[in-house]
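Quick notes on the structure that follows.
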2 protein chains.
Amino acid sequence: MSKGAETRAAILDEALSRASVHGLGGVTIGELAKRAGLSKSGLFAHFKSKEQLDIAVLDEARDRFVAGVIAPAFRAPRGLPRIRALFQRWLEWDAAGFQPGGCLFMAAAMELDDQPGPARDHLVATQRDWIEALQQAARIAVEEGHFRADLDVEQWAYELWGLALGYHFYHRLLRDPRALARAERALEALLASSAA
Amino acid sequence: MSKGAETRAAILDEALSRASVHGLGGVTIGELAKRAGLSKSGLFAHFKSKEQLDIAVLDEARDRFVAGVIAPAFRAPRGLPRIRALFQRWLEWDAAGFQPGGCLFMAAAMELDDQPGPARDHLVATQRDWIEALQQAARIAVEEGHFRADLDVEQWAYELWGLALGYHFYHRLLRDPRALARAERALEALLASSAA
DNA sequence: ACAAACCCCGAACGACCGTACTATTGTCTG
DNA sequence: CAGACAATAGTACGGTCGTTCGGGGTTTGT
């Protein structure tokens with residue numbers, strides 16, 4: 001890895017942390033440069049604008065999400081086991097196991113939902129991909145005979161999504177120690193109602 | 001209403017709109033003064049710090065939420081009808097019917113969840129109140145015989161909360177036109193699984 | 001070894017931030 | 001109507017924001 005790519009990676013690592021805590025808008029070039037041991041202009045040169053920095057952060061977060069959540073979970077057996085693995089790893093991802101401030105996407109979703117621009121478009125695209133991956137996992141569970149054949153996988157994904165959002169809310173805002181137990185119990189209820 | 005209270009109300013009205021779109025951090029004193037036709041210092045005098053402005057905004061939002069969602073819904077008959085009214089009005093509140101940027105609390109929840117301070121404490125308190133109001137509504141539904149007696153109302157509130165969060169996400173970020181239908185359908189599923 | 005490319009710095013920019021002062025206006029009360 | 005006090009304006013401060021520009025080092029390719 002060239003020197004440039006190396007420092008760029010270090011910058012993004014720091015930026016990910018800050019973004020998960022302070023939001024994308026809270027990732028400031030000056031502060032980031034201080035933490036990375038660079039000058040403002042030196043850091044700025046790596047990204048040609050703040051907007052591109054934001055997008056690079058979202059890109060990096062997506063890569064890590066795929067590597068840390070989706071990819072390993074898809075190694076679980078098709079159907080129910082895979083779905084459980086997906087959800088469990090998703091919650092771990094959100095529980096500050098990866099970023100100190102929890103799931104960056106959920107924070108960015110609320111931050112960018114009324115701010116049109118490339119960053120928002122990028123976020124929407126990655127979130128759509130993730131939803132479709134969940135739907136695909138549900139379809140496989142139908143094929144495997146774990147879920148009933150007439151299951152509306154889109155509706156199923158919506159409800160699963162709500163459970164994860166609820167976990168984030170209870171865990172990270174309310175600091176409710178029972179958040180994980182509630183999410184797991186809700187998942188079981190959803191799985192039971194989807195069973196063949 | 002005295003002159004001071006009048007302008008203060010006008011300021012907060014504008015601040016609510018901006019906060020729902022740009023987040024609490026995006027509510028800036030200079031921009032707010034411009035829109036309200038005041039000088040920066042004139043506006044600043046009404047709140048003695050940015051932090052107190054933030055809290056005033058959250059306070060105003062809570063009052064409006066109580067007046068626009070909770071109070072009218074609690075006029076519906078006890079039990080199931082009231083719960084339906086609560087959820088329906090909650091979604092309307094989030095659907096930009098009140099603020100252009102949708103539910104301010106959900107945005108603030110993600111924004112403040114890692115930023116300790118009075119604003120966060122205030123938000124947590126109001127959200128806890130709202131959750132408890134939902135739990136209370138569920139208890140009443142149990143008393144009325146609409147919900148089964150062994151229902152875990154806290155778990156029930158968690159799952160309902162997830163549905164509302166999911167609606168916000170699908171509606172405001174993804175701009176999914178079927179968001180409302182999905183939320184309503186998910187509600188019916190939750191109600192059915194809670195029925196006596 | 002020399003040119004070219006890459007990486008980073010320092011200084012400066014205009015704009016805006018929150019906040020502190022003082023002064024001036026406006027509104028209410030006795 | 002006058003005096004008291006609340007409400008607003010004006011100005012200034014130090015700081016940070018994103019961004020631009022020119023110029024050094026340092027590495028790389030030939």
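Convention: sequence-line order gives letters A, B, ...; per-chain numbering from 1.
A salt bridge links B:Asp114 to A:Arg175: one of the charged nitrogens lies within less than 4.0 Å of a carboxylate oxygen. Between A:Glu159 and B:Arg182 there is no salt bridge, since none of the side-chain N atoms of the basic residue sits less than 4.0 Å from a carboxylate O of the acidic one. Between B:Glu60 and B:Arg64, at least one side-chain nitrogen of the basic residue sits less than 4.0 Å from a carboxylate oxygen of the acidic one, meeting the salt-bridge criterion. Using a cut-off of 4.0 Å between Lys/Arg side-chain N and Asp/Glu carboxylate O, B:Arg62 and B:Asp129 are scored as not salt-bridged. Ion pairing between a basic and an acidic side chain is recognised when a charged N comes within 4.0 Å of a carboxylate O; B:Glu111 and B:Arg120 show no such pairing.
Side-chain nitrogen and oxygen atoms of B:Ser2 include none within less than 4.0 Å of the OP1 or OP2 phosphate oxygen of D:dA6. Here A:His46 reaches the OP1 or OP2 of C:dC8: one of its side-chain N or O atoms lies under 4.0 Å away.
Rounded to whole Å, atom P of C:dG18 lies 10 Å from atom CG of B:Leu43. Rounded to a whole Å, the NZ atom of A:Lys48 is 14 Å from the P atom of C:dC7.
Shown for residues 49-60 of chain A: residues whose heavy atoms fall under 4.0 angstrom of DNA chain D, namely A:Ser49, A:Lys50. Residues from residues 20-41 of chain A that place a heavy atom under 4.0 Å from any atom of DNA chain D, listed by number: A:Val27, A:Thr28, A:Ile29, A:Gly30, A:Lys40, A:Ser41.
B:Asp59 and B:His122 share a donor-acceptor pair across their side chains, judged by distance under 3.5 Å alone. Judged purely by distance below 3.5 Å, without hydrogens or angles, the side chains of A:His171 and B:Asp113 never pair a donor atom with an acceptor atom.
Mapping B:Lys3 and B:Phe44 onto DNA chain C by nearest heavy atom places B:Phe44 closer to the 5' end of the strand.
Under the 30°/60° scheme for interplanar angles, the aromatic rings of B:Trp161 and A:Tyr170 are found to stand perpendicular.
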